[in-house]
Amino acid sequence: IFKVVDVESQSFESQLKQIVEDNKIDSFDLINISMVLLHLKFPERVLKILRHFLKPNGSIVIKDIDDGLETAYPDPEGIFEKCKSLSINDKYGGFRVSGRQIPYLLHKTGYKNIEIVNSGINTLGKDYDQRENFFDFVIPYIRDDYKQLSEENPNNEFYKNGYIWMENNLEKMRDLFLSEGFYYSLGIMLFVAKR
C-alpha cells in the first residue's frame with residue numbers, strides 16, 4: 001500500500017492509526033525514513049509517534065544529511081565552498097545539518113541501540129558515469145531552487161544573485177567534479193535504532 005499523509009499535521013497519528021487498522025497491521029518490524037527529517041519543523045514529534053507503531057524490538061532506519069561533513073578538494077577558487085553556503089541558505093533544501101541531531105532525537109524519543117551505519121558517500125572508486133550521476137544528485141538542485149526563489153521573490157537580490165552565480169558556475173563545478181583526482185564527500189548519514 002502507498003498512502004500520502006502530512007507527517008506534521010495534528011492528525012498524523014490518527015491517520016496512521018487508521019491506515020494500520022484498515023490493513024490489519026499490528027505493528028511494523030521496520031520503519032524507513034529517507035531524507036525527511038531535514039524538512040520538518042518538529043522531527044522529534046514525528047519520531048515519537050512512529051515509535052508507537054514499531055514492534056517491541058522493531059527497527060527504525062533514518063537517512064539524513066549533514067553538510068558540515070561535505071568536503072571538496074581541490075577547490076582552488078572556492079566554488080564548492082560558495083555552493084555549500086548557498087545550499088545552507090536554500091529554504092527549499094531543508095535543515096542542511098540535520099544529520100548531527102539524529103542520535104540526540106532518537107535518545108530523547110525513547111529509541112535504543114542507536115548506531116551510525118554510514119556517515120558519508122564520496123567519489124573514491126567511482127567511474128565517470130557514477131561521478132556524473134553523483135554530481136547531478138548533489139549540485140544542480142541548488143540552481144533550480146534559487147531560480148524558483150528568485151522568481152517568487154523578484155526583489156530579493158540574494159536569491160537573484162545566487163541563481164546567477166549557480167548558473168555561471170555549474171559547468172565549472174561539473175568539470176572539476178568529473179576530473180581525475182578530485183575528491184568530493186557528501187554527509188549523507190545512515191542511522192539504525194531499536195524501539
Side-chain angles (χ1 to χ4, degrees), residues 4-9 33-47 62-105 116 118-191:
V4 177
V5 295
D6 178 355
V7 298
E8 289 199 294
S9 73
I33 303 173
S34 182
M35 303 300 279
V36 171
L37 297 182
L38 74 152
H39 294 288
L40 304 182
K41 291 179 184 169
F42 305 104
E44 181 180 325
R45 179 180 175 272
V46 173
L47 289 172
I62 300 173
K63 181 170 81 171
D64 215 296
I65 192 133
D66 195 316
D67 281 350
L69 299 174
E70 182 182 345
T71 303
Y73 188 84
D75 187 16
E77 296 177 35
I79 56 176
F80 280 91
E81 197 60 36
K82 167 76 173 176
C83 184
K84 180 164 67 169
S85 73
L86 288 171
S87 172
I88 289 170
N89 289 293
D90 175 0
K91 79 173 195 173
Y92 293 132
F95 181 50
R96 301 296 301 182
V97 290
S98 174
R100 66 186 64 182
Q101 71 180 355
I102 304 300
Y104 171 77
L105 292 174
I116 184 165
N118 196 346
S119 61
I121 57 173
N122 62 64
T123 53
L124 287 178
K126 293 190 174 29
D127 64 26
Y128 183 90
D129 293 330
Q130 291 169 324
R131 279 178 175 254
E132 189 168 45
N133 289 336
F134 190 9
F135 178 85
D136 288 339
F137 170 68
V138 298
I139 304 294
Y141 85 88
I142 302 166
R143 178 205 52 198
D144 299 341
D145 284 359
Y146 273 82
K147 180 179 183 191
Q148 183 175 346
L149 287 164
S150 63
E151 289 169 354
E152 292 171 353
N153 305 279
N155 297 323
N156 187 309
E157 290 296 314
F158 179 77
Y159 293 148
K160 180 176 147 186
N161 291 334
Y163 169 63
I164 291 168
W165 188 90
M166 283 299 300
E167 188 69 18
N168 290 337
N169 287 279
L170 191 64
E171 288 311 308
K172 190 186 289 186
M173 283 189 281
R174 182 185 299 277
D175 290 345
L176 190 54
F177 201 96
L178 296 174
S179 66
E180 191 175 335
F182 178 78
Y183 174 76
Y184 181 85
S185 177
L186 180 66
I188 289 190
M189 306 176 82
L190 187 66
F191 298 92

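Remember, predicted model here, so these are calculated numbers, not experimental data.
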Which residues share a salt bridge (Lys or Arg N to Asp or Glu O under 4.0 Å) with Asp75, sequence neighbours left out: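 So Asp75 forms no salt bridge (Lys or Arg N to Asp or Glu O under 4.0 Å) with any residue.
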Partner set under salt bridge (Lys or Arg N to Asp or Glu O under 4.0 Å) for Arg100, not counting sequence neighbours: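 In terms of salt bridge (Lys or Arg N to Asp or Glu O under 4.0 Å), with neighbours along the sequence ignored, Arg100 is linked to Asp66.
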Residues in side chain to side chain donor-acceptor pair (under 3.5 Å) contact with Ser87, at least two apart in sequence or another chain: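 In terms of side chain to side chain donor-acceptor pair (under 3.5 Å), with neighbours along the sequence ignored, Ser87 is linked to Asp67, Arg96, Tyr141.
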Results of side chain to side chain donor-acceptor pair (under 3.5 Å) for Ser9 - residues two or more places apart only: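 Here the qualifying residues are Ser11.
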Nearest-0.5 Å distance, [atom1] of residue [X] to [atom2] of residue [Y]:
X: Phe42; Y: Glu44; atom1: CZ; atom2: CD; value: 10.5 Å
X: Leu186; Y: Phe135; atom1: CG; atom2: CZ; value: 12.5 Å
X: Tyr159; Y: Asn89; atom1: OH; atom2: CG; value: 8.0 Å
X: Leu37; Y: Leu105; atom1: CG; atom2: CG; value: 7.5 Å
X: Leu40; Y: Asp6; atom1: CG; atom2: CG; value: 9.0 Å
X: Ile139; Y: Phe134; atom1: CD1; atom2: CZ; value: 8.5 Å

Parallel, tilted or perpendicular, as decided by the 30° and 60° cut-offs, for the rings of Phe177 and Tyr184: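 Rings of Tyr184 and Phe177: tilted, 30 to 60°.
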Who are the side-chain contact (heavy atoms from CB on, under 4.5 Å) partners of [X], not counting sequence neighbours?
X: Phe95; answer: Val97, Ser98, Gln101
X: Asp175; answer: none
X: Asn118; answer: Ile121, Leu190
X: Ser185; answer: Thr71, Asn122, Tyr183

Residue pair His39 / Glu8: nearest heavy atoms and the distance that separates them: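 So the minimum-distance heavy-atom pair works out to O-OE1, 4.3 Å.
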Heavy-atom pair with the smallest gap, counting every atom of Pro74 and Gly181: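 The pair with the smallest heavy-atom distance is CD-O, 4.3 Å.
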Which residues share a ring-ring contact (aromatic ring centres under 6.0 Å, His included) with Tyr163, sequence neighbours left out: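 Per chain and number, Tyr163 pairs via ring-ring contact (aromatic ring centres under 6.0 Å, His included) with no residue.
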All pairs passing salt bridge (Lys or Arg N to Asp or Glu O under 4.0 Å) where residues 81-90 contributes a residue, at least two apart: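 Counting only pairs at least two positions apart or across chains, the salt bridge (Lys or Arg N to Asp or Glu O under 4.0 Å) contacts touching residues 81-90 are Glu81-Lys84.
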Non-hydrogen side-chain atoms of Ile65 and Met189 separated by less than 4.5 Å: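 When only atoms from C-beta onward are counted, Met189 and Ile65 do not touch, as no gap falls below 4.5 Å.
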Contact check, side chains of Ile62 and Leu47, non-hydrogen atoms, under 4.5 Å: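 In short, these two side chains touch, coming nearer than 4.5 Å.
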Test side-chain contact (heavy atoms from CB on, under 4.5 Å) applied to Asp64 and Ile33, step by step: CA-CA 8 Å; Asp64 215 296; Ile33 303 173; over 6 Å; no
Worked check of side-chain contact (heavy atoms from CB on, under 4.5 Å) between Asn169 and Phe80: CA-CA 10 Å; Asn169 287 279; Phe80 280 91; over 6 Å; no
Residues, nucleotides or ligands: over 12 heavy atoms within 6.0 Å of Phe158 CZ: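 Yes, because the 6.0 Å sphere around CZ of Phe158 holds more than 12 heavy atoms from other groups.
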Residue pairs passing the side chain to side chain donor-acceptor pair (under 3.5 Å) test where at least one lies in residues 125-137, sequence neighbours excluded: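 Every side chain to side chain donor-acceptor pair (under 3.5 Å) pair that includes a residue of residues 125-137, provided the two are not neighbours, is Asp136-Arg174.
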Any pair counted as side chain to side chain donor-acceptor pair (under 3.5 Å), so long as it reaches residues 142-152, sequence neighbours left out: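 Matches after skipping sequence neighbours: Tyr92-Glu152, Gln148-Glu152.
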